[in-house]
Amino acid sequence: MHRDEADRSADDARRDTEPIPGMAHPPRNRADDLLGDGDSPPPSGRADIPPPIEEPVGGYTDTDDFDSATGLPNDGPRRVTSVEPEPSAYVARYLFPTEKYRGEWRRHWIHIIVPIIVLIVATFLMGFVSSLLAHYKADIAVTVVVLLWVLSLIWVGWRTFDWFQDRFILTNKRVMLINGLITRKVAMMPLLRVTDMKYQQSPLGRMLNYGTFVLESAGQDQALREVPHLPNPNELYLRVVEEMYEPEAVEARLGESESDGSDA
């Protein structure tokens, strides 16, 4: 009985070592390819082969998901997005030749929420009152109501165009704020004089992605001390801080972008 079990074990071992039909060579282990199979020396030119790359923790397999500087996986999209490389004609007139433009931002649309509400309410009231007065044949009153509505349209248009021209500007030297349609106001603060900077977001601001910037300069009140309703406050905060503390990194990144564009 023991002899039959030994014969069956020998037969099983022989079947395990026999080559699979249809395969010229049995499968080899990756370690055998790198180190040799023991009977022959390692293949020439294989001594410098690096060890296999292990899959990083978290299931990241695309190299684009990793930061090239730190090698750590990114938590999401780029925190700082690209802006136009050249200033608009409206802004360029306020920059001196040796100043390097970094970006310009228009205030969030919430800045004109009051004119938008006024326009909606005025239009509704104009239609309701006009139809009511027309029923009583009060033509003069209807004309007055329509004129008031037209005046509200002019006021809303003026506020909207003023918002469209309002710009927050960042350069390598300063931050600027340009506003005013009839009376133009240009305020600026040198980056070297900024001693503290923060931004605040209300619950609505977090939902709609806008915030209020507060800049301090040597304990003095400045025209740029508080700038409300700026869009993408986290991105803007990163840009200003990087320009203040890592200007060389900004220059290097912009230089790489320009070289990539010229190569393309």
Side-chain angles (χ1 to χ4, degrees), residues 77-97 99-127 146-191 194 197-215 222-243 254 257:
R78 287 189 58 190
R79 296 175 298 175
V80 179
T81 58
S82 60
V83 295
E84 293 296 329
E86 298 293 335
S88 62
Y90 174 72
V91 171
R93 70 184 73 176
Y94 300 104
L95 305 180
F96 54 87
E99 196 170 16
K100 295 181 180 180
Y101 170 82
R102 299 304 190 213
E104 60 185 84
W105 293 264
R106 188 180 295 115
R107 293 188 198 237
H108 194 272
W109 61 265
I110 199 70
H111 191 66
I112 56 171
I113 189 62
V114 172
I116 292 175
I117 295 175
V118 168
L119 176 62
I120 296 174
V121 173
T123 302
F124 174 78
L125 290 178
M126 187 273 297
V146 172
L147 288 177
L148 291 176
W149 178 73
V150 171
L151 290 176
S152 68
L153 283 181
I154 294 174
W155 179 78
V156 171
W158 170 70
R159 288 292 304 270
T160 303
F161 192 69
D162 182 61
W163 162 79
F164 185 79
Q165 296 284 61
D166 195 346
R167 304 293 170 84
F168 182 84
I169 305 155
L170 174 64
T171 71
N172 66 326
K173 302 290 185 182
R174 54 182 172 160
V175 291
M176 301 174 60
L177 182 64
I178 303 175
N179 56 18
L181 186 59
I182 299 176
T183 302
R184 183 64 48 81
K185 299 178 183 179
V186 181
M188 74 96 179
M189 180 184 294
L191 291 177
V194 176
M197 182 183 67
K198 63 181 179 180
Y199 72 88
Q200 303 169 346
Q201 281 187 291
S202 63
L204 182 61
R206 296 183 65 182
M207 292 174 57
L208 300 179
N209 196 22
Y210 71 87
T212 298
F213 266 68
V214 180
L215 296 93
Q222 301 287 337
L224 276 175
R225 186 180 185 278
E226 187 171 319
V227 185
H229 303 150
L230 287 177
N232 303 320
N234 187 64
E235 172 189 344
L236 186 54
Y237 177 82
L238 291 173
R239 284 189 178 276
V240 177
V241 170
E242 187 181 28
E243 194 63 50
L254 294 179
S257 300

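Atoms considered below: every heavy atom in the structure, side chains included; atoms not considered: hydrogens, waters and symmetry mates. Note that the structure is a prediction, hence the values are computed from the model and not measured.
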Within 6.0 angstrom of Phe96 CZ, more than 12 heavy atoms from elsewhere: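 Result for CZ/Phe96: enclosed.
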
Can you tell me if OH on Tyr237 sees more than 12 non-hydrogen neighbours from other groups inside 6.0 Å?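 Incorrect, the count does not exceed 12.
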
Could you pull out the closest heavy-atom pair between [X] and [Y], with the gap in Å?
X	Y	answer
Ile110	Leu204	CD1-CD2, 4.5 Å
Leu177	Leu224	CB-CD2, 3.2 Å
Val194	Met189	CG2-SD, 3.5 Å
Pro115	Arg159	CG-CB, 3.8 Å
Gly211	Pro233	N-CG, 4.0 Å

Taking only residues two or more places apart in sequence or in another chain, which ones pass side-chain contact (heavy atoms from CB on, under 4.5 Å) with [X]?
X	value
Leu119	Thr123, Leu153, Val156
Ile120	Ile116
Ala92	Pro87
Pro203	none

Could you pull out all residues at least two apart from [X] that satisfy side-chain hydrogen bond (donor to acceptor under 3.5 Å, both in side chains)?
X	answer
Tyr94	Arg184
Arg93	none
Thr212	none
Trp163	none

Expected output: side-chain His108 to main-chain Leu208 donor-acceptor under 3.5 Å: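 The answer is yes, because a donor-acceptor pair under 3.5 Å joins these two groups.
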
So do [Y] and [X] actually touch side chain to side chain, heavy atoms under 4.5 Å?
X	Y	result
Ile113	Trp109	yes
Tyr101	Asn172	no
Ile178	Gln165	no
Trp158	Ile182	yes

Pairs involving residues 110-124, ordered by first then second residue, that meet salt bridge (charged side-chain N to carboxylate O under 4.0 Å, His left out) (sequence neighbours left out):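 For residues 110-124, and leaving out neighbouring residues, there are no salt bridge (charged side-chain N to carboxylate O under 4.0 Å, His left out) pairs at all.
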
What residue pairs, at least two apart or across chains, pass salt bridge (charged side-chain N to carboxylate O under 4.0 Å, His left out) with a residue in residues 167-178?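 Residue pairs with at least one partner in residues 167-178: Glu99-Arg174, Glu104-Arg167.
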
What's the verdict on side-chain hydrogen bond (donor to acceptor under 3.5 Å, both in side chains) for Asn179 and Asp162, showing C-alpha distance, side-chain angles and the deciding distance? CA-CA 7 Å; Asn179 56 18; Asp162 182 61; over 6 Å; no

According to ring pair (Phe, Tyr, Trp, His ring centres under 6.0 Å), who are the partners of His229, at least two apart in sequence or on a separate chain?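 With neighbours one apart ignored, the set is His111, Tyr210.
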
Point-to-point distance, once rounded to the nearest 0.5 Å, from CG of Leu238 to CD of Glu243: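 It is 13.0 Å, given to the nearest 0.5 Å.
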
How long is the gap from CE on Met197 to CG on Leu191, to the nearest 0.5 Å?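 Here the interatomic distance stands at 9.0 Å.
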
Who pairs with Lys198 by salt bridge (Lys or Arg N to Asp or Glu O under 4.0 Å), at least two apart in sequence or on another chain?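 By the salt bridge (Lys or Arg N to Asp or Glu O under 4.0 Å) rule, Lys198 matches no residue at all.
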
Assess whether side chain to side chain contact (heavy atoms under 4.5 Å, CB included) is satisfied between Val175 and Ile169, documenting all intermediate values. CA-CA 6 Å; Val175 291; Ile169 305 155; over 6 Å; no

Quiz item: cation-pi between Arg106 and Phe164, 6.0 Å / 45°: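 Ring-cation test returns yes.
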
